[in-house]
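Okay, structure first, notes after.
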Amino acid sequence: MTVPSGLLHGPIYLDYNATTPIDPAVTDSMLPYLTAEFGNPSSTHHCGRESRVALDHARNQVDTLLGFTHRRSTPAAVDTG
């Protein structure tokens, strides 16, 4: 992970329960869905379907990262809050 510029010369930050810096690669991957492609993935309209495809892809990536070799009916849980 790249060290966030705000932490390069500052104090050691230990309150990651409050907030966590995001790796620039993650920011780059998420940016389209935070700015232009922000449909509800549970909706059936076009924007929702596009978001669902992206969400399913992200969950598959997490499954792979965690070493799941087969597709489960329920993907890895993602805590958003």
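Keep in mind that this is a model prediction, so the values were computed, not measured.
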Exercise for the section: Name all residues meeting the salt bridge (Lys or Arg N to Asp or Glu O under 4.0 Å) criterion together with Arg49; count only those two or more places apart in sequence or in a different chain, and write none if there are none. Expected result: none
Practice task
Only counting residues at least two apart or in another chain, list the ones meeting side chain to side chain contact (heavy atoms under 4.5 Å, CB included) with Val26.
Solution key: Ile22, Asp23, Met30
Handout entry: By side chain to side chain contact (heavy atoms under 4.5 Å, CB included) - contacts of Asp15 (at least two apart)
Key = Tyr13, Asn17, Ala18
Got a list of side-chain donor-acceptor pairs under 3.5 Å for residues 37-46, not counting sequence neighbours?
residue : atom : partner : partner atom : Å
Asn40   : OD1  : Ser42   : N            : 2.8
His45   : ND1  : Cys47   : N            : 3.4
His45   : ND1  : Gly48   : N            : 3.1

Problem - NZ/NE/NH1/NH2 to OD/OE distance under 4.0 Å, Arg52 and Asp56 - result: yes
Handout entry: In one Ile/Leu/Val/Met/Phe/Trp/Tyr side-chain cluster, 4.5 Å: Val53, Leu55
Key = no
